[in-house]
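Right, one structure below, let's go through it.
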Amino acid sequence: MSDTPSTLSRNPHAQVGPTLVGIGAQKCASTFIHAALGAHPDAAVSNPKELDFFSAYFDRGYQWYRSHFAQGANKPVRYEASPSYFYDPRCPERLNAFDPSIKVICLLRDPVARAYSNHLHEVIKGHIPPLPFCDGLANNPVYLEQGLYSRHLRRWLAALGPDRVLVMLAEEISADPVSAAQQVYRFAGLDDDYVSPVLHERRNESDRARLPILRNVLRAGGDHLRKAGLEDTLARLKTTGPVSAILRANSQNMRDVIPPLADTDIANLRAYFAEDLRQLPPLLGRDSLPWDSWAAIHANDD
């Protein structure tokens, strides 16, 4: 029987919410951070990963949201990640009003590469057919909206303050995933000496299952192991010969299906994001950014 408001109020675990929230941006290594925290023995992650409470489901109320963390109520760190939070202007104040102690992790990536990956994601999800990027962009302005990092990050910093916001770059996470996970652990207040096999897993952000039913079965088995606290066992299992072969055979890289960005696409996207990118390094305490889009700005300025 599902919980009603009365039964939730009698359950002390129903009053437990997240201590850490991933706010996006989409397609910026959020799955890796979720897995890294899910593998840590002192952390729990929501199921499903994306609850979209402060954006899409705020009308369901605090108890509904808290109920997703009841299983990890005994853990000192509880985490969920919803990329929709990053660019929704209502979310910073809603999250702050819910619990002014929650910390957030914001993940960024070269906005041009992120926009293309966003397009692949929409195709993989079946929201659109496998169209070229320019056609997908004409259908979905969120490809651009999510890449205005300075505009959105400024709202979060104003609402929460810099001490409660950790900003990481997907490119740096990919270059050194163990160090990135340890940075997250320290920010969350966890033991950063913990290193899980999960941190060494390679994730294909742009793959689609050839047989969705097979992937669903495999994921159901993986979810069962995660709920049993066997995240490390699952990571090792994926590397074994038979399982690894099945995973590879069932994977189709959408970058082989969708044409890459045309030169005109790249130029138009860089021009669109340029002014917002110029404002980003001061917000991050950086002098520069390790992105081709950033380099292009300075090449054009010179």
Side-chain angles (χ1 to χ4, degrees), residues 18-38 45-58 65 68 78-96 98-99 102-122 124-125 127 136-137 140-162 164-174 177 180-181 183-184 187-188 203 205-206 269 272-273 276-277 279-280 283-284 289 291 293:
T19 62
L20 186 66
V21 169
I23 62 172
Q26 188 181 38
K27 311 311 295 178
C28 293
S30 63
T31 299
F32 171 79
I33 299 300
H34 188 267
L37 284 163
V45 295
S46 66
N47 183 22
K49 168 193 163 192
E50 299 178 16
L51 299 178
D52 294 312
F53 171 64
F54 296 107
S55 53
Y57 301 117
F58 197 62
Y65 185 51
H68 289 84
R78 298 171 298 278
Y79 179 71
E80 73 112 340
S82 297
S84 62
Y85 295 163
F86 179 59
Y87 63 96
D88 188 322
R90 303 167 298 178
C91 290
E93 292 299 342
R94 284 178 171 180
L95 181 143
N96 221 23
F98 172 75
D99 184 345
I102 291 177
K103 294 181 178 181
V104 304
I105 298 176
C106 176
L107 306 174
L108 306 179
R109 174 186 183 184
D110 186 314
V112 174
R114 197 221 65 81
Y116 177 66
S117 186
N118 196 155
H119 176 60
L120 297 180
H121 177 80
E122 294 302 307
I124 291 168
K125 290 294 185 181
H127 298 162
L137 176 60
N140 194 339
V142 171
Y143 291 8
L144 300 180
E145 180 66 22
Q146 290 200 54
L148 296 173
Y149 300 148
S150 295
R151 175 186 299 181
H152 306 314
L153 181 58
R154 193 173 282 112
R155 284 195 297 263
W156 282 97
L157 292 172
L160 277 68
R164 289 171 56 202
V165 180
L166 174 64
V167 181
M168 305 177 72
L169 305 187
E171 293 83 357
E172 294 173 349
I173 294 172
S174 179
Q183 184 180 3
V184 170
F187 180 69
R203 289 174 170 77
E205 63 162 21
S206 58
L269 289 170
Y272 181 86
F273 292 125
D276 186 87
L277 274 184
Q279 301 172 40
L280 186 59
L283 293 178
L284 305 183
L289 297 165
W291 297 338
S293 297

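- Minimum interatomic distance between Leu277 and Ser293 (heavy atoms only, all atoms of both residues): CD1-CB, 3.7 Å.
- Between Pro111 and Gly147, the closest heavy-atom pair is CB-O, 4.0 Å.
- Of the possible donor and acceptor atoms, none in the side chain of Ser82 sits under 3.5 Å from a partner among the backbone N and O of Glu50.
- How far CG of Asp52 is from SG of Cys91: 8.5 Å, rounded to the nearest 0.5 Å.
- Here the straight-line distance linking atom CG of Leu51 with atom NE2 of His68 works out to 5.0 Å at 0.5 Å rounding.
- Heavy atoms only, all atoms of each residue included: Ala159 and Asn96 are closest at O-ND2, 2.9 Å.
- The CD atom of Gln26 sits 8.0 Å away from the OG atom of Ser117 when rounded to the nearest 0.5 Å.
- Put simply, the side chain of Leu107 reaches to within 4.5 Å of the side chain of Ile173, judged on heavy atoms.
- For the side chain to side chain contact (heavy atoms under 4.5 Å, CB included) with Val165, the lone residue among Leu160, Ile23, Ile105 that qualifies is Leu160.
- In this structure, Phe98 CZ and Glu93 CD are separated by 15.5 Å, a value rounded to the nearest 0.5 Å.
- By the side chain to side chain contact (heavy atoms under 4.5 Å, CB included) test, Glu122 pairs with Asn118, His127, Ile128, Asn140, Tyr143, sequence neighbours left out.
- Looking only at side-chain heavy atoms (C-beta outward), Leu108 and Phe86 come within less than 4.5 Å of each other.
- Note: Tyr65 and Phe53 have parallel aromatic rings, judged against thresholds of 30 and 60 degrees for the angle between ring planes.
- Put simply, CG on Leu148 and CZ on Phe273 are 6.0 Å apart, with the number rounded to the nearest 0.5 Å.
- With sequence neighbours excluded, the residues that form a side chain to side chain contact (heavy atoms under 4.5 Å, CB included) with Asp99 are Ser101, Ile102.
- In terms of modelled atom types and a separation under 3.5 Å, the side chain of Glu80 and the main chain of Pro18 share no donor-acceptor contact.
- For the atom pair CG (Leu289) and CZ (Arg109), the distance works out to 15.0 Å, reported to the nearest 0.5 Å.
- Within the 4.5 Å cutoff, the side chain of Phe32 has heavy atoms near those of the Pro177 side chain.
- Seen from the ring of Phe58, Arg90 does not count as a face-on cation partner, given the 6.0 Å and 45° thresholds.
- A 4.5 Å side-chain heavy-atom check between Arg114 and Trp291 finds every atom pair outside the cut-off.
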